[in-house]
Structure formats: C-alpha cells, structure tokens
Amino acid sequence: MEVFYFALALFLLLNLIVGMWRVLRGPTAADRMLTAQLFGTTSVAVLLLLAQAMEQPALRDIALLFALLAAVTAVAFVRRAWPQAEREDGNR
Amino acid sequence: MAIGELLSILLLLAGAVFFFAGTLGLLRFPDIYTRLHALTKADNVGLGLMVAGLALQADSMAAVGKLTVIWLLVLLAGASVAHLIAAAARQRGIVPWKR
Amino acid sequence: MTLLPLIFDGVLGFTLLWLAWQLLGSLALFRAIVLFIAFGLLMALIWVRLDAPDVALAEAAIGAGLTGALLLAALARVEPPGDETANLHPEKDGQGDIVSVTEGGGLPFRRWLVALHLVLACGLGYAVLSLPSAAPGLSEAVANNLALSGVSNPVTAVLLNFRAYDTLLEMGVLLLALLAVWSLGRTPDAPAPAAGGVLALLARLLTPLLLLVAGYLLWVGGRAPGGAFQAGSLLGAAGVLLVLAGWRLGRRFAQLPLRITLVVGLALFMAVGLSVMLAGGRFLAYPPASAGGLILLIEAAATLSIGMILAALFLGSRPGSRGGQ
Amino acid sequence: MTSPLLFALVGIGLFTLGLYAVIVHPHLLRKILAVNVMGSGVFLLLVALAKRSNSVDPVPHAMVITGIVVAISATALAVTLMLRVKDETGRAKLPETPPE
C-alpha cells in the first residue's frame, strides 16, 4: 500500500512539472497565476498521500494550511498586480 | 477490509486521472476561460476522489473530518479564485475563444 | 520498495534546482515571481521528506500566503505597467538561460564569474560529502532534557526554552524590520475600494477560519508540529487578506492599540525572563514545574505580535499616517 | 547516495545559483528573489545535515523556522528600500556603470 501511495505522489509531482510549461509559456499573466493555483491543489494531494505513506498525521495540518492560504496569492494578484496595470493603461 | 482497500485504490486512481486531465486541459485548451474549467475539475473532483479514497484508510474520525475540511476549503478557494480571475480577465478585455 | 521514495526525492530535488534556474534567469519579473511561489510549494514538500514538519508548516504558512502577496504587490508598484503584468500577448522574452542575460557586465567577466561559482559549488559539495555520515548533533541532549522543558515537541522546546535567547532576539529583529519599513516607506498605501461580491465573502469566510487554525497550531505546538511562528504567520496571512479586500484599521485602533499589539510579544517575553531572574533563577531559565504554562503564555503573545508585524510589513506604510486609514 | 545528502547538494546548488544571480542582475527585485533563493539553499543544507543519523536533530529545525520568518521580514524591508530607490531615482535598477 505504501508503495502505491508513493507512486501516486510521484505521478502527481510529474503532473506538476509538466504543468510548469504553462507558467513558462503564459501567454497572459492570469494563465501563470492559474497554474500556480493548480500547483497548490496538487501539493495538497501530494501531502495527503505522503501523510498516509509516511504515517505522519501532522502532514495533514500542512495540507490544511495550503488549502486555507490557496486563495491569498491569487487575491493579491487580482487586487494588486492587475488593477494597477489596468489603471495606468487607461492613463496612457 | 480487502474490499475497503480495493475501493480506496480505485478512488485514488480515479482522482489521479482527474488531476492528469486537469493538467492536460491546462496545457491544451485554447484560452484562459477554458483552462479555468479544466483546472477546477482537478481541484474539485480530483482532490475530492483522493480525499474519499484516503478517508477509507484513515484511522480515526478526526482524521476523516480534517480531510473533509481540507477538501471543502480547496473547493471554496478554487471556486472564488476561478471567479475572480475570470471576472478580472473579462474586465481586461480578454475575449473568450470561439471556434 | 526503498527505491521509490529515493526516486521521489530525486525528482523533487532536480525540479527545485531547475525552478531556481528558470526563475533566476527569467527576464519577465512576473513569471519569475510565479515560479518563486511554486518554488515555495516544493520547498514545503522537501521539508516533509526531511522529517521536518515544523519547518514545513512555517514554509507553508509564509510561502503560500505572504511571500507571493508581498512580491506581487511590490511588482505592481515598481514596474512600469503595460509590459508583463498587463500583457495580453505572448511575451517575446528568451528562454530562461541565466548565462545569456545580456544586461550588466561584459562577457569575460561573466566567464570568470561562472568559473568561480563552479569552483565554489564543487568546494562546498566536497565539504559536505566529506562530512561524517552519521552525526548525532544535539538531538540526544535535547531528548534527555525534554522532560524538563514543559513541552513534548522538541522543536518548540528548543525554540522557547533551550534556546529562548534566539527567539527573543528574533522578535526584536522583526520589530526592527517593521520600524525600518515605517521610517523608510514613503509610498503611501493607496487603499483600493472595499471589495464587494465574491472577494468580500471569501475574506469573511476565511478570516475566522484562519484565526481558528492559528489558535489550533498555537495550542498543539507543545506536543506536535506547530507553534508561535506558524500561528503568527497565519494571523499575518489573515491580515494580508483583509488588507487586500480593502479593509483598514480604524483610526481609533491604528495608534496605541496597534503599537501595544506589536510589542506585546517581545515585552512579555522579556517580562517573563526578568521575573524568573527576580525569583532567583537565571534569565529565561524557567522553573520546570511552570515551564509549560509560561511557554504557552509567551507563545500566545508572540503569535499576536508576529501576526500583526507581518501584516503591517505587507501594508508597508504606517497605518494612520494618512487620514482615514 | 541518500536523500538527505541529495538535498544537501541541491541546497549548495541553490546557494550558488542565487549568489550568481545576485551579482549579475541589476534589477533590485530580481536581486531580492535571488537572495531568497540563496537563503533557501542554506536552510536546505542545514535541515538536510540534521537528518544524517537516525535521530533527527531539532536544533537546526528551530533555527530554520526563525530563519524563514526573518527572511520574510527582511524581504519586506528590501522591498521598501527598493520602492524608495525607485522614488528617488525613477527606476528600480542599479546603474550599469558605477558613478565616477
């Protein structure tokens, strides 16, 4: 069973690496941000699998933190990085 | 026990499939809105199936509860972020893709 | 059986290195920041694999919430808009090849620099590889004295009891950083209009949950991974979320109450240390009987202060320095 | 090759990459990112070396936790400094050639 968990975690990690292509290519800033969001969810899944595989229930707390904070970065992006660009776009 | 384990493996595998589909969609779909759609599938269904599979193996009800809370939180974050990004993208004038 | 975890770790390590290469070589700053956020996620996974769940919690609390928000806000202020955050079109920046970045320094200089860094990396690598493969370090000393510390989580015991000096001074460092930011920061905070709709709802739902989980981490820190720093970082993230949603501290709270909250962690830490001294002990050497309670007290105050300091650091300028904030 | 050793070497790699980027990039925000990567490398080395024997050494863990929190506050300070430089000079980059 432990091997299965690890294999699954590895599979998710590889998924994440493949998804990195979208961060590198874009094209828009929102696409990159979106991919970061997917990375967050994937990390939650990997952590839950590792919690089971390594028999460390404390790892679920880390997954809990990721789940709680998943939105903060994206909110910063929507509220700070994008509106700023938009406002000054209008001034030009 | 054996049936529970088998079911858990099936659920976890199904979850992995959804994560894979989400990544594939993220890479292959033509614009930001369709990619958002793909992403939320991995968020909601993929993680949901994984949580269900792991909950079958969990040793206490508290662990099951924590897993469920994590899933609900990811649902909340995923839905809100998808909405915020899509709204911001529309406001910025990114036109939805049409065939 | 033992091979699979090793493969997992190998993939993790190489991905981290590759990410660092890409993010440091990227010409587009926004892309570099997103890669840095992903970098933080992978770091948390590595801490888990190195049996350091306390560190992973701290990295998750800070890396997932604060770092990304801080850097994105900084980018919005520093970069002339219209190039990369705003782009609707594919960028024409090159591959993330760190050596081919053309700005600054001539080519011979670059070659020398690369050579020197290779020498440095090889030297450090040799030093690490030639270390003895098994070193108990201080783990035995900690384990032997754990019963006297008042807590059963060794990391918390080290942080708040055995090496409490470090933590005390670290609280001071945080406060100093905030003072420096307040005295240097000139850019006034331009409060965005209060958010409505989904964002307001999200902030209202998440903030109480963040407070609850912060309390949980603080409480559980005595016997399981968790503690003041992790809990404080969560409070800081809650503060950042509220700031982003357009919420500001009312004028009544922005002066004295805010300042009291900022220093209460350091002040209480000092007070406990000194009162232990007055009772005949040495500075910060708590009596074992009451150590657990004292540590929880200090940690609770430190959590509040750390959270407030981190949120104030994100805000950048002094709250209340402009009317109505 | 064991996992802790592997991660220790990755830490060295991160440190070196970060150091190179700090020297080479004139843009201040990029320097901030590079210093953060350097710091992560050092943290990684410390925690990896703490796991060499069977019993994990908690002292480096405690150091790294304080280090992570200090790193974020130092980053915030650096960002403020960078914004101040931008205010004074109009750009957040170091000049290509040093002033005479």
Side-chain angles (χ1 to χ4, degrees), chain B residues 9 12-13 16 19-20 22-23 26-37 39-40 42-44 46-47 50 54 58-98, chain C residues 8 15 30 34 37-38 41 44 53 56-57 60-61 64-65 68-69 72 76 81-90 192-217 219-220 223-226 234 237-238 240-242 244-246:
Chain B
I9 288 179
L12 286 173
L13 281 178
F19 267 100
F20 181 66
T23 310
L26 191 73
L27 294 184
R28 296 293 303 158
F29 279 168
D31 75 346
I32 175 91
Y33 305 103
T34 46
R35 282 179 212 136
L36 269 172
H37 164 81
L39 170 77
T40 42
D43 269 5
N44 303 351
L47 192 68
M50 289 237 161
L54 288 171
D59 37 15
S60 67
M61 279 321 278
V64 175
K66 204 179 263 179
L67 286 170
T68 318
V69 168
I70 291 172
W71 180 55
L72 288 176
L73 280 172
V74 170
L75 274 187
L76 173 70
S80 324
V81 166
H83 173 89
L84 288 173
I85 290 186
R90 257 193 68 191
Q91 217 179 2
R92 288 201 54 76
I94 298 180
V95 187
W97 171 82
K98 286 203 185 72
Chain C
F8 184 83
T15 314
F30 181 76
V34 173
I37 294 167
L41 292 177
L57 272 175
L72 284 175
D83 48 357
E84 44 190 12
T85 44
N87 65 0
L88 303 179
H89 311 290
V198 171
L199 184 52
L201 186 68
L202 184 71
R204 281 200 195 109
L205 273 173
L206 275 185
T207 309
L209 282 172
L210 282 165
L211 297 183
L212 184 70
V213 176
Y216 162 72
L217 282 181
W219 178 249
V220 88
R223 53 199 156 77
L234 269 193
V240 168
L241 188 65
L242 289 176
L244 286 172

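Residue numbers start from 1 in every chain, and the chains themselves are labelled A, B, ... in the order their sequence lines are given, proteins ahead of strands. No hydrogens, no waters, no symmetry mates; every other heavy atom, side chains included, goes into these values. Everything numeric here is computed off the predicted structure, so don't read it as measured data.
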What option among B:L84, B:V81, B:V69, B:L76 has the most heavy-atom pairs under 4.5 Å with chain C?
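Top option by heavy-atom pairs under 4.5 Å: B:L76.
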Under 4.5 Å from a heavy atom of chain C, the part of B:I32 involved:
neither
Is it the case that atom CZ in B:F20 sees more than 12 heavy atoms from other parts of the structure closer than 6.0 Å?
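Incorrect, the count does not exceed 12.
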Contact part of C:L201 toward chain B, heavy-atom cut-off under 4.5 Å: side chain, backbone, both or neither?
neither
